[in-house]
S.K.: 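Let me give you the structure first, and then I'll get to my questions.
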Protein chains: 4
Amino acid sequence: MTKAARNAPPASLAAQKRFHAHPFDDDKLKEECGIFGMTGVTDAANFVALGLHALQHRGQEAGGIVCHHPEFGFNSARRFGYVRDNFTSQDVMQTLPGPLAIGHVRYSTAGKKAAVIRDVQPFFGEFSRGGAAIAHNGNITNADALRRELIERGSIFQSSSDSECIIHLMARSLQKDIPSRMEDALRRVEGAFSVIAMTRTKLIGVRDPLGVRPLVLGRVGDAYCLSSETCALDIIGAELVREVAPGEMVIITEDGRVESRMPFRPQPSKFCIFEHVYFSRPDSIIGGRSVYETRRQIGVELAREAPVDADLVCPVPDSGTPAAIGFSQESGIPYAMGIIRNQYMGRTFIEPTEQIRNMGVRLKLNVNRALIKGKRVILVDDSVVRGTTSRKIKEMILDAGAAEVHFRIASPPTAWPCFYGVDTPEREKLLAATMSEDEMRDHLQVDSLKFISLDGLYRAAGEAAGRDNSCPQYCDACFSGEYPVAPSDQIEKGFQLKAAE
Amino acid sequence: MTKAARNAPPASLAAQKRFHAHPFDDDKLKEECGIFGMTGVTDAANFVALGLHALQHRGQEAGGIVCHHPEFGFNSARRFGYVRDNFTSQDVMQTLPGPLAIGHVRYSTAGKKAAVIRDVQPFFGEFSRGGAAIAHNGNITNADALRRELIERGSIFQSSSDSECIIHLMARSLQKDIPSRMEDALRRVEGAFSVIAMTRTKLIGVRDPLGVRPLVLGRVGDAYCLSSETCALDIIGAELVREVAPGEMVIITEDGRVESRMPFRPQPSKFCIFEHVYFSRPDSIIGGRSVYETRRQIGVELAREAPVDADLVCPVPDSGTPAAIGFSQESGIPYAMGIIRNQYMGRTFIEPTEQIRNMGVRLKLNVNRALIKGKRVILVDDSVVRGTTSRKIKEMILDAGAAEVHFRIASPPTAWPCFYGVDTPEREKLLAATMSEDEMRDHLQVDSLKFISLDGLYRAAGEAAGRDNSCPQYCDACFSGEYPVAPSDQIEKGFQLKAAE
Amino acid sequence: MTKAARNAPPASLAAQKRFHAHPFDDDKLKEECGIFGMTGVTDAANFVALGLHALQHRGQEAGGIVCHHPEFGFNSARRFGYVRDNFTSQDVMQTLPGPLAIGHVRYSTAGKKAAVIRDVQPFFGEFSRGGAAIAHNGNITNADALRRELIERGSIFQSSSDSECIIHLMARSLQKDIPSRMEDALRRVEGAFSVIAMTRTKLIGVRDPLGVRPLVLGRVGDAYCLSSETCALDIIGAELVREVAPGEMVIITEDGRVESRMPFRPQPSKFCIFEHVYFSRPDSIIGGRSVYETRRQIGVELAREAPVDADLVCPVPDSGTPAAIGFSQESGIPYAMGIIRNQYMGRTFIEPTEQIRNMGVRLKLNVNRALIKGKRVILVDDSVVRGTTSRKIKEMILDAGAAEVHFRIASPPTAWPCFYGVDTPEREKLLAATMSEDEMRDHLQVDSLKFISLDGLYRAAGEAAGRDNSCPQYCDACFSGEYPVAPSDQIEKGFQLKAAE
Amino acid sequence: MTKAARNAPPASLAAQKRFHAHPFDDDKLKEECGIFGMTGVTDAANFVALGLHALQHRGQEAGGIVCHHPEFGFNSARRFGYVRDNFTSQDVMQTLPGPLAIGHVRYSTAGKKAAVIRDVQPFFGEFSRGGAAIAHNGNITNADALRRELIERGSIFQSSSDSECIIHLMARSLQKDIPSRMEDALRRVEGAFSVIAMTRTKLIGVRDPLGVRPLVLGRVGDAYCLSSETCALDIIGAELVREVAPGEMVIITEDGRVESRMPFRPQPSKFCIFEHVYFSRPDSIIGGRSVYETRRQIGVELAREAPVDADLVCPVPDSGTPAAIGFSQESGIPYAMGIIRNQYMGRTFIEPTEQIRNMGVRLKLNVNRALIKGKRVILVDDSVVRGTTSRKIKEMILDAGAAEVHFRIASPPTAWPCFYGVDTPEREKLLAATMSEDEMRDHLQVDSLKFISLDGLYRAAGEAAGRDNSCPQYCDACFSGEYPVAPSDQIEKGFQLKAAE
């Protein structure tokens, strides 16, 4: 071993190598988490495993389950990788007994410190009157300040995760019962959060006062569950009871009673509109509305706002598909699968020595060459982040002999980072932060490029009158730069809010 | 350990547990193999890994690569599981050096003996003038007889695979050079086969005289490759040179010369028509024709042959998608994603104690409930094998509140087993072997059920005049019962051919 | 999966299964830990891995290393199993860069809760002015009380280990620098401890005021190390500087200065005499005295105190060997390897259905039958704990045809549990707690059984005048029941101290 | 990945890395195999696992078990690594059911081709009237010629192992029953071999006509076993029935009948004398004689032949121990453990950057410094092969302050390679092939160096009159250069036999 090799950075950790970001997916915004909890069955962890599997699109890096059994106490398992690979063997699942369990899947926050298993939620704390575990979806905008204060007072953090602040705040609360400790803790927290927690006997769900991140309550027989999305209710055959309301805490007891508390000052709701555009699964229902239908309607709106004469409407798979269907239906231009996705895509391959252009993309996507040749093609994608993928796809399509390439994007230009639980590049790397729509078109060298308008997006999401600019119905900070909660840690680090107009 | 546990059958092998068939996929016909070979690059195995990854849909149970390096000789790696998981690490790939390599992915032949790594191809044999490796796609219909004869004469088989006969026949050939040994061996073999082989210096491809299974020749720069399908050429940026002809042997030398031999008696070609319907990837090109376009055209034909008044045309994902698009375009009924597939589907989960109906299917598929409710739905699927999945899907759709369910199937009734390299249930388990179309409809309890006609399928595949019943242009034995090569091992075991009409 | 299986206790964790106690070793006292630290080299973790390997006899269940690099910060690895299996690959070791590292090996404390990786030391804490890691050998006798208090005040424990109290007490100290925080913390701790700690720049070693557990300071070139025993200095070629004194804290800075502090009230030293008898490796030097020579001298003393006429002196391998050599030399009776140890012994095997008597012992030990037959045999063992192994060995020897079996034990009767870092059975399971020497002889059905006297042991350990009963030179509580520090947690749980005489 | 790295030789196979030879052990001769078979119990594989564990000293690289069950047929498992790690889990063992099983452990033949699992015995072949498996200990001296012939005739070898010739010869035999096929095959084989084989119902053992390698027959209850050594009978509680005679084939049937055949022309027996010196375990019995006692007697003979005035007699652990005891007893010089062996030694560690002299040896051995200082030390070792380790040990002892170092070697100078199943360096690397005893002493820079004489060795092994030079009672070719079977493959490659005197 050479000295150079020995001094290699710890970034070469095996765990990291195996779960590095996929070259293609790097150009998408990433939801950081999915959460699920279950109570009232004999083997709650099996239900949680299924629920997390249905929420895998919200986070693929790692997953964890904590459960409680009256005899065997709290047990947990945390693993890197997919739920299907980690929580399906009898060896693992029989170490997770009991009627009450919660779980978490998370996305790798690339570029940060090395992934370590201690960062994988749920977090667990033993308090003076019993333990509790929490799973958190969202982001705490004053986490740095809270962490500094807690360490100063003698708390020892197990992880590099901001979410751990919540459990330390709970440990220091002078309240006796755990729900009240949670109230104390969450009142000190700023930002966006949906939290599922458990004590030895209770399952607890909370949403922040703005309701930025989703959380729903389901029931199967006499048993209850909490989930980020309704698609995870379907997989276990549960019915949707209702969404947990913004600012609400629900407490479900062993005997199936559901208590509701409202620990926060009421505020106008600001649900994340990007859940409609991209994060949620198309078979989930948000606010009584099919996510698939909203996306199809975005395509309809796009076809009205930005029509173009062409031969084929092709989705960029898989997320552009519903909008492409809507665009085709509204425009009358035939829908076609011009780009095929390799369903076995996983990790990256070792590239052959002789460089092959666009290999990164072709591993995941391939053009249907015979179909595309000589055609004027409309490509419908969900968003443009850095623009790197859009350019490669354009080249693939032109290589295959397309006559024209027109991009239609199912979201407005993404010009601002999200600080509420979504992984976005720094602002200067967002294509739309520095270029106008025309500049982006020229940069991507396509025949045309159009984004849906903010009003069009709101209409597709069911707001017939479009966006209420005085008090927007959703959080759309990534498009508008209007942040409903001040990102205080970021401001301290120098982030510049949008200048008032 | 109790005595009972100790006497457990070896069926509990860990390898088996991890790769058991998926409950949903069980009701599909399975291609048993994909093959790929490369010569003329510095690191052929990396190209083969990429090629096999693009062919993963042809076999997911296991994969193997054999390569040759002038200094390090022959090396190989064989693994259970996906290419992406086994042939992407530097640790493995640097043990596979050299300019010449071939590879194989295979499907698990469920119900047979335990999967063992010795059964994973390519097979390798050391002959008196040097070694050779072969990878085989297809099935040898006189394998039992050949195997008996070879064992009687003192050959020792390493595997339970019929394909191993070829390498033993080659070992016993009195020819000196390996291509001539292969000719000797393959002339004794009956059935359907595409074979890729390699010596220390040559890459060899052969198709059986009927050309049942596909094989194409590609070129990237000065280097050549052989592949089951063109989609694997795309992933490495190779261009399609041509298909290897039925009955042809191509021999590619180190310095890039391509020699062609015709070792068999010429026969009319009988390409497998099911490659068009289901096996091949939609972005592959067969006979100059886009597979996707043929499938879309099947939907068009189906809409003409079996129209029905309805609100939505929904594919059973993913294989029914192109035909559903064609059906929608021809019928004018809107296309919609009524069923959503979980892209993270993998192994089976431990089911919660309280039985949940249809869990098997819901792990992979979920209904878009808000979309389906109250609608008359046309479901387009590629085939009906046992009918088990069709029934579950129908129930899911009805549970979601559909008003009517109409099945349209993109292939004729599958009434006969394949003996040419496709895994089919025994004849009595094929729904169409024992029921008429109407009986199947009643059995599945759907509002209507229609299969495309054989003639319609041939038209969609480009035969404008339909099927030439005196000498069909394709092998369609699974639909027609007309086997172009007598399945002699099966007949010996009691299989009844279709009575002459 | 049956309901019964699903409700199996989490005790079936794979990690536990693989590292369960060996059937034979179960009847030994176990040292719970070995610790090692290094500073002043470019790759301290490699030195620590070697040091821990040399200390593996002090703990085989798990090991951990924490290191610090100026650029890459703190990194750590914790694993179940042997050092040789976990800390030898480049993959792991290159994730542990930097000039400063500490490590820990631990013994499995059987019967307690399931082994989890969070319990594996060193523990790490981020404090308000920088992080620190600690590795602890010993046992805190007031840990329960401290833990209760810390949890009440809001500390969250990561592990079930008592040693974690130290790092929480450090976190809550109002001192600024870490050595002073450690002083604060350790002044609140009762019991026996040797601790190695590290900050970003300093390596720190502390022994409790009684000096119960060992700790030595070594030097190799300009670099310094701390170790439980001198045998770990030898493996890295370091020389012994001196023992860390009871009650001393040594602080070694980056530039190689060694500072000494005495934070505790001075007390008479009480080094654990069992380190001489069994725990330490025979090639270690304690108090300037060879451990091997002390053990050989015990054999000499035994031969004088309890002579017997016999044909052979055989050690119970391997720990009885030095005393058997001494017994042979003093008595003139030939030394022989009557019992052979299988050097490949590891985990337990599945026993064949037909029960074979003594299989547990024979897996590890086998009698040299041809040698033993017809002979009067003296067996020299280091100690008798429960007596289960002694009985099996006696039976093996008699089965082989020995004429007489005489046990000579190189320690006094073990009649009291240790609360200072050694794993002992509950008092009622100690054979010597309930039986006299004669009763034990009858219980074991041997021809004679003699233990060395306490005075004889002290003489062998270099105290020519034997034990100073008014103020014993060593901690010998396991033999005498005289505990130098009150085991307060145990007393609270009902443990009865020896009645005053 | 750089081009250089990509072109790395396949020598970097993971399997190889993990099982490379230990730096210290490299200077020992290695037995290549241990074999064990069992019939007549319900779970033979569990007995075989225990037997192989007891024979682990004969081969540590890999092990395999083949078994047969009337219902489940033949099953097998082959693994790299120790028996204790591979054949102890229920997962593996329950895949090996049935009343009949055989197994094999093998030593890594370093320097040859990469270790692959196909080389791990037992080998299995399906013949025309049923399958058989064989496990071979020894070496076939005409294997190259046989292999060439078999390949020429169309046999395909699965492995690089010479032993595979036997099973191919069996496959080609025209005999019907398997024992007769074995007779046919083994009559064509030259060299040294003990073979254990099994059919579906019979357990078979054979020794070559000279009886070079050991093989014993044991019984436990009504069940029979075959084993390389008696120590493996002890572990399962079996009694020794007798040794299989040179040139004998024993066939044990299901119902416990033992048939004996003598298929070869009778020859004077030539048992390997090195089994007494080093290979066999000291608790095994060979020819009615304790191996331990023979080794102790070698020490007695050495003390008589080569006395020296000194303070201590120290064994080089562990193999030198019995001879050192004998030397001490005969000379009256005290025996002492001057060198301590680390019982946890396993794989190699990454060496710290700053080179430490002799690290390789110190990982395994450490000097008892306090004991050695100022003493005149006699070191007793079993053999000198290349002399590399002897030199390192001498340096360790002098570093520790010894006044004089005298080597006494328990075997004559090893001057010739073994071709009968022992891994020896090429002749020119054997120290004794090129140097006289005095030259070796000077080369090693020790105060004296003496080897036991051939006659002394024969006397210690029970031949009171010493070696019968006209017809030696043992194979001692490694010392004498007198090969009882011509090593024909080697001669063909240029090996020079000793010139006739």
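Any value given below was found using the heavy atoms of this structure, including those in side chains, with hydrogens, waters and symmetry copies removed. Convention: sequence-line order gives letters A, B, ...; per-chain numbering from 1. The shown structure was predicted, so the numbers you read here are calculated from the model rather than taken from an experiment.
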S.K.: Which residues from residues 333-342 of chain B are near chain A, with near meaning under 4.5 Å between non-hydrogen atoms?
M.R.: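 Expected list: B/Pro334, B/Tyr335, B/Ala336, B/Met337, B/Ile340, B/Arg341, B/Asn342.
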
S.K.: Which residues pass the ring-ring contact (aromatic ring centres under 6.0 Å, His included) test with A/Phe87, not counting sequence neighbours?
M.R.: none

S.K.: Please flag which part of A/Val367 lies under 4.5 Å from any non-hydrogen atom of chain B: side chain, backbone, both or neither.
M.R.: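 Contact with chain B is through the backbone of A/Val367 alone.
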
S.K.: Once rounded to the nearest 0.5 Å, what's the spacing between atom CG of A/Leu365 and atom CG of B/Asp234?
M.R.: 12.5 Å

S.K.: Who passes side-chain hydrogen bond (donor to acceptor under 3.5 Å, both in side chains) against B/Gln329, sequence neighbours left out?
M.R.: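 Partners of B/Gln329 under the side-chain hydrogen bond (donor to acceptor under 3.5 Å, both in side chains) test: B/Arg296.
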
S.K.: Check B/Ile285 against A/Ala370 and note the closest heavy-atom contact, atom names and distance.
M.R.: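 What the structure gives for the nearest pair is CD1-CB, 4.3 Å.
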
S.K.: State the CG-CZ distance between A/Leu233 and B/Arg369, to the nearest 0.5 angstrom.
M.R.: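 Between atom CG of A/Leu233 and atom CZ of B/Arg369 there are 10.0 Å.
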
S.K.: Chain B heavy atoms under 4.5 Å from A/Arg289: which part of the residue, side chain, backbone, both or neither?
M.R.: neither

S.K.: A/Gln56: what forms a side chain to side chain contact (heavy atoms under 4.5 Å, CB included) with it, not counting sequence neighbours?
M.R.: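 Side chain to side chain contact (heavy atoms under 4.5 Å, CB included) check on A/Gln56 returns A/Gln60, A/Tyr82, A/Val83, A/Val105, B/Tyr344.
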
S.K.: Nearest 0.5 Å please: distance from the CG atom of A/Leu363 over to the CG atom of B/Leu50.
M.R.: 6.0 Å

S.K.: Can you find a side-chain donor-acceptor pair between A/Asn368 and B/Asp283 that sits under 3.5 Å?
M.R.: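 A/Asn368 vs B/Asp283: no donor-acceptor pair found between side chains.
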
